[in-house]
Amino acid sequence: MSTEQIPDLPTEITPQSQDFGRWYIDVVRRAELADYSPVKGCMVIRPYGYAMWELIQQGLDRRFKATGHVNAYFPLFIPESLLMREAAHVEGFAPQVAWVTHGGNEKLEERLVVRPTSETIIGTMYAKWVQSWRDLPILINQWANVVRWEKVTRLFLRTTEFLWQEGHTAHETAEEAQEETLRMLAVYKDFAEQELAIPVVDGQKTDSEKFAGAERTYSIEALMRDGRALQAGTSHNLGQNFSKSYDIKFQARDKSVQYVHTTSWGVSTRLIGGVIMVHGDEGGLILPPRIAPYQVVIVPIPRGNWRETVLPRAQAIRDELVARGMRVFLDDRESQTPGWKFNEWEMRGVPLRLEIGPKDLEKSQVVLARRDTREKSFVPMDGLAGRVEELLAAIQRALYERALAFREEHTSTTDSYEEFKAIMEGRPGFVIAPWCGPAACEAAIKAETQATIRNIPFSSAPAAGKHCLKCGGAATAHAWFAKSY
RNA sequence: CGGGGCGUAGCGCAGCCUGGUAGCGCACCUGCCUUGGGCGCAGGGGGUCGCAGGUUCGAAUCCUGUCGCCCCGACCA
């Protein structure tokens, strides 16, 4: 097997190094993942992007089911009075809700909110369903759209309407609720790393960044290639805040009446934005095989009587790969040249390209080209499917390793605020630093550097004896700071 | 929501300063020729210049307002 390097070719995408934000938009649109809609702040998820979402859904849903959860669906509309019951929750979400004031031509007696999240409506239903400890736990997830009236929107990362899943569970004890909260965060971490090939930092949010109405919020955080962090998933321990506001009570084993302990956890279509910004390069998208709508694209080389010779062989290869469970597209369009197709599918991030032409038939081989390394190799027809599987697995692994190496290169540790500021101004990334705990220091750091505490990782080193980065007081933890999306 | 930028054919842009009735590249359509890294030639279709007012004999161009998008700052999956 020999290899050769593929030359760079021009694309119509703004170079990542020149303007990362523009690059991102160009990739999303040129790869046909999504498009702007006539409604401000909303986007259309196009078939190629939606296929990624479907694969994300499958990978998550499988994990939710494996941890005992079931799916259900709750209404889009929530009566105003329901939303208002949990004080912190209302305060957090009120500025972001869309209101329904009329039905047809008639003004509603009570306004409805379009759900920004479903704790309130689901809590209301749980109150009806729970009588006894025997009814617990309730482990429900829903796949839904939600609406949050955002001032600044960005395709996939923050749009007025977005798709997500929200898990809502109710438990007998605080311990069980805490276990559930951490269990689902671990599910998210596993999913992000195994399927999306995105290494994430799991940890606890500070009070100022926690979910409105939660006791504790945990998150997974990923580092994008421009050095900014993306919150990729959150899991909340809601304690008894919602059960008390929504009257979710049960008779306990000791005959006393207790409030349940609830959790909620979610990830959204934002994950697609994360995949783009973690793996993409100057040539466009690079998709991890496990969530690539097409894992292999076959490009036949049309020459001479290729329809009678090359094409049947290409079809046979496609059928064999599909039979082995791979997602394959045979691009036999005659309206485009092979060179055009090479560039197009690379721009759209297909992990592996298989070229087959007359010369290959003679030698009983095909050409395989990796998207991540841009290496071409000649591979014998015998044992091809196995080789393709190996390569896809290798690409999946390589993308994760590359992303992890990038994160490690862009993660620093410091006790010095001057150094901290220099890093945030120069080459951004994660900075691990000791912090004292109160929101005031966190706010001051944000005001001066734009960096926020992404979370306090579970793996964080003890801070005993350390001094707060900002105020010099006794540190309570090592926090991970970054500029974020 | 503040500061800046941009809205002209599907996409990217020129024209605007100095008003005279719209052009380039790519894409698209037809034919021939090609096809192993964004083929070539010839012919062709497509735009009430974001929208609404105003000035003017006449507005893509000048004035006012408005909407949308992008970038940078305050809030958020």
Side-chain angles (χ1 to χ4, degrees), chain A residues 4-14 19-26 29-30 32 35-43 91-97 116-117 145-166 188 205 208-212 217 219-222 230-236 264-274 283 299-304 306 310 332-347 353-361 366-367 369 374 376 378 443 446-447 450 452 483-485:
Chain A
E4 61 179 283
Q5 203 64 35
I6 302 166
D8 287 334
L9 278 169
T11 68
E12 298 162 27
I13 296 170
T14 305
D19 183 342
F20 193 85
R22 186 66 194 263
W23 169 85
Y24 175 80
I25 303 285
D26 286 349
R29 301 193 69 195
R30 283 236 47 220
E32 298 180 355
D35 203 353
Y36 294 109
S37 77
V39 184
K40 177 176 163 63
C42 293
M43 69 171 177
E91 193 183 337
F93 279 102
Q96 284 187 281
V97 298
T117 179
N145 59 336
V146 288
V147 167
R148 298 180 186 178
W149 217 257
E150 299 286 354
K151 290 167 184 165
V152 179
T153 58
R154 270 156 82 68
L155 295 171
F156 286 116
L157 301 175
R158 185 177 298 107
T159 46
T160 298
E161 178 190 14
F162 58 94
L163 305 184
W164 76 345
Q165 65 55 224
E166 47 181 326
Y188 287 156
K205 285 291 197 183
S208 59
E209 296 260 335
K210 78 181 182 189
F211 177 76
T217 287
S219 72
I220 53 172
E221 304 279 338
L230 183 75
Q231 179 172 299
T234 49
S235 185
H236 316 290
S264 67
W265 27 275
V267 300
S268 72
T269 37
R270 167 181 273 193
L271 288 176
I272 294 173
V299 178
I301 307 303
R303 181 177 271 182
W306 72 285
V310 173
D332 60 358
R333 291 175 294 177
E334 289 190 77
S335 54
Q336 311 293 357
T337 64
W340 189 92
K341 293 174 184 176
F342 295 170
N343 286 287
E344 182 71 7
W345 290 113
E346 281 177 10
M347 188 270 295
R353 180 180 67 248
L354 190 157
E355 304 168 22
I356 179 167
K359 290 184 227 163
D360 301 310
L361 289 189
V366 301
V367 178
R374 312 193 106 222
K376 275 190 182 186
F378 299 95
K446 182 178 182 180
Q450 295 170 39
T452 52
K483 293 181 184 174
S484 74
Y485 274 95

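Just so it is clear: chains get the letters A, B, ... in the order the sequence lines come, proteins before strands, and each one is counted from 1.
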Enquirer: Look at all strands and tell whether V299(A) reaches a base, only sugar-phosphate, or nothing, counting heavy atoms closer than 4.0 Å.
Expert: nothing

Enquirer: Could you check whether L230(A) gets within reach of a base, just the sugar-phosphate, or nothing at all, counting any heavy atom under 4.0 Å?
Expert: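 Touches nothing.
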
Enquirer: So what does G273(A) touch, heavy atoms closer than 4.0 Å: a base, only the sugar-phosphate, or nothing?
Expert: nothing

Enquirer: Would you classify R154(A) as touching base, sugar-phosphate or nothing, given that sugar-phosphate means primed atoms plus P, OP1 and OP2, and contacts are heavy atoms under 4.0 Å?
Expert: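 Sugar-phosphate, no base atom in range.
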
Enquirer: Touch check for D19(A), heavy atoms < 4.0 angstrom, all strands: base, sugar-phosphate only, or nothing?
Expert: nothing

Enquirer: I'd like to know if R158(A) reaches the base of C76(B) with its side chain such that a donor and an acceptor end up less than 3.5 angstrom apart.
Expert: yes

Enquirer: Provide the Watson-Crick or G-U wobble partner of A52(B), both distances under 3.5 Å; none if there is no partner.
Expert: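 Checking every strand shown, A52(B) finds its partner in U64(B), with both distances under 3.5 Å.
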
Enquirer: What's touching nucleotides 39-44 of chain B from the protein side, N or O pairs under 3.5 Å?
Expert:
residue : atom : partner : partner atom : Å
C39(B)  : OP2  : T337(A) : OG1          : 2.1

Enquirer: So which nucleotide does C69(B) pair with, by the Watson-Crick or G-U wobble rule with both distances under 3.5 Å?
Expert: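 For C69(B), the partner nucleotide comes out as G5(B), under the 3.5 Å rule.
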
Enquirer: The side chain of R353(A) lies closest to which of these nucleotides: G73(B), G37(B), G38(B)?
Expert: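 Side chain of R353(A) sits closest to G37(B).
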
Enquirer: If you look at every heavy atom in D360(A) and E355(A), which pair is closest and at what distance?
Expert: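 Of all heavy-atom pairs spanning D360(A) and E355(A), the closest is OD2-O, 3.8 Å.
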
Enquirer: Quick one: label G357(A) by what it contacts on the DNA or RNA (base, sugar-phosphate, nothing), any heavy atom closer than 4.0 Å.
Expert: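 Base contact.
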
